[in-house]
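Step one of this worksheet: look at the structure below.
What you are looking at is a predicted structure, and each value in this text was computed from that prediction instead of being measured. All chains are named by letter (A, B, ...) in the order of the sequence lines, taking the proteins before the strands, and each is independently numbered beginning at 1.
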Amino acid sequence: MITPFDRPEVLVGLAAGSVIGVIIGLVPGLSARAALLIITPFLLGLPPVVAAILLVAIHAAAQVSGTVPAALFGAPTSAAEAATVINGYPLTLRGQASRVVGVILGSSAFGGVAGALVLLLVAPFMAKALLFIGTPEIAALACLGLVGIAAVSSSGLPAGIALGGLGILCSTVGLDPINGVIRLTFDIPRLIDGFGIPAVIAGIIAIPELLRHEPAAGRTRAKPALRLTINGLVEPFRHLVLSLKSAAIGVLVGITPGIGTSVAVWMSYGMAARTTPRELPFGEGAVEGIVAPEVAAGSKEGGAFIPTLFLGVPGSSGMAIVLAAFTMIGIQVGPAMLRVQPELPAAVAVTIGAANLLGVALCLLFAPLLLQLARLPRRGIAIVSLCGALIATYYTAPNAATVWQMLGFGIFGLLLIRAGIARAPFLLGFIIGPVLESALQRSTILYGWEALLRPGVLILLGLTAALVLGSRLTRRQGTAQAAPTYGVSRAAIAPLGLAAAAAIVTLFLSQQYAPMSAMMPRVAAITTLGALAVLAALQLLRRPASKPAEAIEWLPAGLGLVGLAAASLVGWVALLLPLAALPLSLLRRHTAQDTKNEVST
Amino acid sequence: MTAPLAIRRRQFLGILGAMAAVCGTPGLAWAAQTLRIVVGTDPGGSLDLSARAFANLLKDYRGDASIEVENDGGGGGRFALSAAFEAKGKSNLISFVPGSMIYGALSDDELASQFAQVQFLGSLGRDQRALFVTERAGVSSFAELLVSKNTITVPTPRATSSSHFDTLLTNAVAGSRLKPVAGYGSAGRKVAIMAGEVNAALGSYDTFSDMVADGTLKPILAVNAPLAGSPLADLPVLSSFADSEIKRRIIEIMTAAAESDQMVIVPPAIDAASFAELEAGFIACAPKVTEALRATSGGGATLPVDTEALKLTISKIFSDRQLYADALKAAVACGTALGDGGTCVL
């Protein structure tokens, strides 16, 4: 039986777990899941209750600190981190690193505590409600998430929809799990499992962020200021409605097995972009773009414990490890839990809440060190961050295909940045696309058109419509960000041309697939081409204003990327990635622009 | 304005050296004659757990620590199979691949060629597979299911998974009308069963034993022959419906896939002495893997395998590959038609 926290060894387990979790979270490339895998073998020697508390504390605390290094150094290693980095890193470059750390910690802890409260107060009801969330509801939830593409299309709706369609299209590469058809792999065996999410994130986010030309107004070497960090901790309370909505999204996704943290995070991001007025555009340092994903990520894990504890069904990949560990140490979960260990959910909830708060306190101790590192000149940090991100990504799937994917998406990401086109729609489509396709197909097989009459589906589709209408009203009333310009510069020809080419090739190749397998790639391709046609028409007819092309240091960027290709050919990536960065650093020394733009404080 | 702090060459080489020291350490390990164990699934799955337990036992058996376990879960195990195939003649690699590879290998020339050439040490576990139904299915036995007009839906992870193939092949052999629905993760499958979205399940008894214990599921058919004393011993066995040569071949394929749930293979063309050494290590450690997993996982470990019989079955299948591949193709088409409400006789 799990007892309350009146035993010293339990408190020690909680504290130790929080410390271990925070440290592992601060290591770039290590996730909460990795923390669990590392620690599980060592649990056997501990009393079961201490082991359980230690495990839960590690998982919760790693969640608190995990995104901080990614946001400070611009190198996300997961799709969930990318949503925070996309605004956190630009804000760091604006000299607000201290605030960024506080916002991340405060938001993550807000979400973690919110998830813990749900687990504590309404978990039995939620566990029963989970059984009403079927495949059609998951499809409707995915639709709700995809609507966010419109909101994050800061470079205009047509370009955003085109990239969202391209993202969905890219997500269909590989084996169609429903029908067993291999799609769009061009006979490359390593693409049978599709594009690797870590490689896509490294390519679309990390490489362009770290190689882009520094803004002239740019980076300041602001001294770390603890008061700014502490001030950032309360940011989720300043955006209380946003935080509560994000927490709700996180819990809802968390209790639904089979939908990962990245879906919760990006759905929350899209929701925030759609509904929240802000000072800075999303993708350029909007603090709301940090609060929303971090709260969702924090609350998601509390939600994931509900099916894990009450039904014995893991709510996430991390929960699968927790479940295995609980079984190993003799903790009973599932329907029998309420009979054998009824205090378990409360103990887990208290542990999550306490570990989140302890994690914040511990991170405040480590924060000055991280902030000092973030003050180092960006170029030096960028090279090391880039190498670190690429090595961490490589080790998720250590083969040459991972490097080529990083290269390819890295080039595409650079082209998008150069054209001033938002990358978030692509990621939204890439992450949510597979969930939508799988759920739609299963829903069609199991329910047919009757799926649309299910109460949960009607509620979610109604919510989707309400959000779309609500955001349009907000824009008209002038309380939200002004509608983005839909003009694109000539620099957009390259990336949008690639998107069009991919869509055309897909339409051609999809003719050989079975109808159900061809459906999603075709819909995505047609959507992409349609949106591009609308964009082209608008450009020709209205000649709208557009963002100027952003300068990219192509020579050093290109040499750096060629270095990566050489590394993959030789195969000894771990040693050659730093060598690939060598020409990059040597060339940067002699670039006159570097001297002009250097700013001192 | 400060001078640009581009990293000086010496400093950069210092960083380079530090990163190489950290990142190159695995490389140094590889440079020596380390025994590599390649697992054809992602970390944390049952095959991965078995492989790691085996690796630890093998380290003790060999008296050295130069064994490295790596995961290459892509392609449903095909890359682990390819790793073994491409290490032709080398005795420092063992691959663990899932039994469902047999289905893939029968359908893919390249995989089949690799399968036919790699050497088989054995299997760490035998999967006891069964068909289960919920109360919503409206049937309480396989005989009732065969005449029922209800749609019986079976959740499966992927169209290439063992449970998906087994569902279609059960239709083809026994004339049932099970409808497999792919795209469910292992957790999603259980929730779908509990929620009533689907009304049956087909797979390993170990996977569903907790749902059998609490009455959510009831086993009604043993897909492969159960061992004496097994909870499935009193159930009808699918092989009893095999009344033609093609159906008997299908049963052989299904049995081989279930028996070789955790296949252990080594590269082709290894010298006899090295192969004998690897085989001795396998024979010494494999039986203990089941005990090791039972001790840490609290039960649910797989059953022992008759390695020689399994080797003979797999050898027979792949020496007459075209015959078995054609039978599999015909059975899948027949099973799909039956699942969709059509008719077919194999």
### Message
So, taking the atom named CG in A:D187 and the one named OG1 in A:T185, what distance separates them when rounded to the nearest 0.5 Å?
### Response
5.5 Å

### Query
Can you tell me if A:S438 and A:R442 form a side-chain donor-acceptor pair at under 3.5 Å?
yes

### Summary
Exactly one of B:D42, B:D48, B:T41 clears side-chain hydrogen bond (donor to acceptor under 3.5 Å, both in side chains) with B:N71, and that residue is B:D48

### Best-contacting candidate, A:L446, A:L323, A:I182, against chain B by heavy atom pairs under 4.5 angstrom
A:L446

### Message
Whether the B:Y103 and B:D108 side chains hold a donor-acceptor pair (N or O, under 3.5 Å, no angle test) is what I'd like checked.
### Response
no

#### Entry: Any donor-acceptor N or O pair under 3.5 Å, side chains B:N199, B:E135
no

### Query
In terms of heavy-atom proximity below 4.5 Å to chain B, should A:P189 be classed as side chain, backbone, both, or neither?
both

#### Entry: Contact class of B:R189 relative to chain A, heavy atoms under 4.5 angstrom
neither

### Query
Nearest 0.5 Å, what's the CZ-CG distance between B:F115 and B:L81?
6.5 Å

### Message
At a heavy-atom distance under 4.5 Å, which candidate from B:E110, B:K179, B:M194 has the highest pair count against chain A?
### Response
B:M194

#### Entry: Contact winner vs chain A - B:T160, B:T153, B:D72, heavy-atom pairs under 4.5 Å
B:D72

### Message
Between A:T135, A:I133, A:V181, A:D176, who has the most heavy-atom pairs with chain B when the cutoff is under 4.5 Å?
### Response
A:T135

#### Entry: Which portion of A:I445 sits near chain B, non-hydrogen atoms under 4.5 angstrom
side chain

### NZ/NE/NH1/NH2 to OD/OE distance under 4.0 Å, B:K190 and B:D210
yes

### Under 4.5 Å from a heavy atom of chain B, the part of A:Y447 involved
side chain

### Task
Answer with side chain, backbone, both or neither: which region of A:I192 has an atom nearer than 4.5 Å to a non-hydrogen atom of chain B?
side chain

### Query
Would you find more than 12 non-hydrogen atoms of other residues, nucleotides or ligands less than 6.0 Å from A:R454 atom CZ?
yes

### Summary
Comparing A:Q441, A:M319, A:E437, A:R190 against chain B, the one with the most heavy-atom pairs below 4.5 Å turns out to be A:R190

### Task
With a 4.5 Å cut-off on heavy-atom pairs, point out which of B:P155, B:G188, B:G185, B:G75 contacts chain A the most.
B:G75

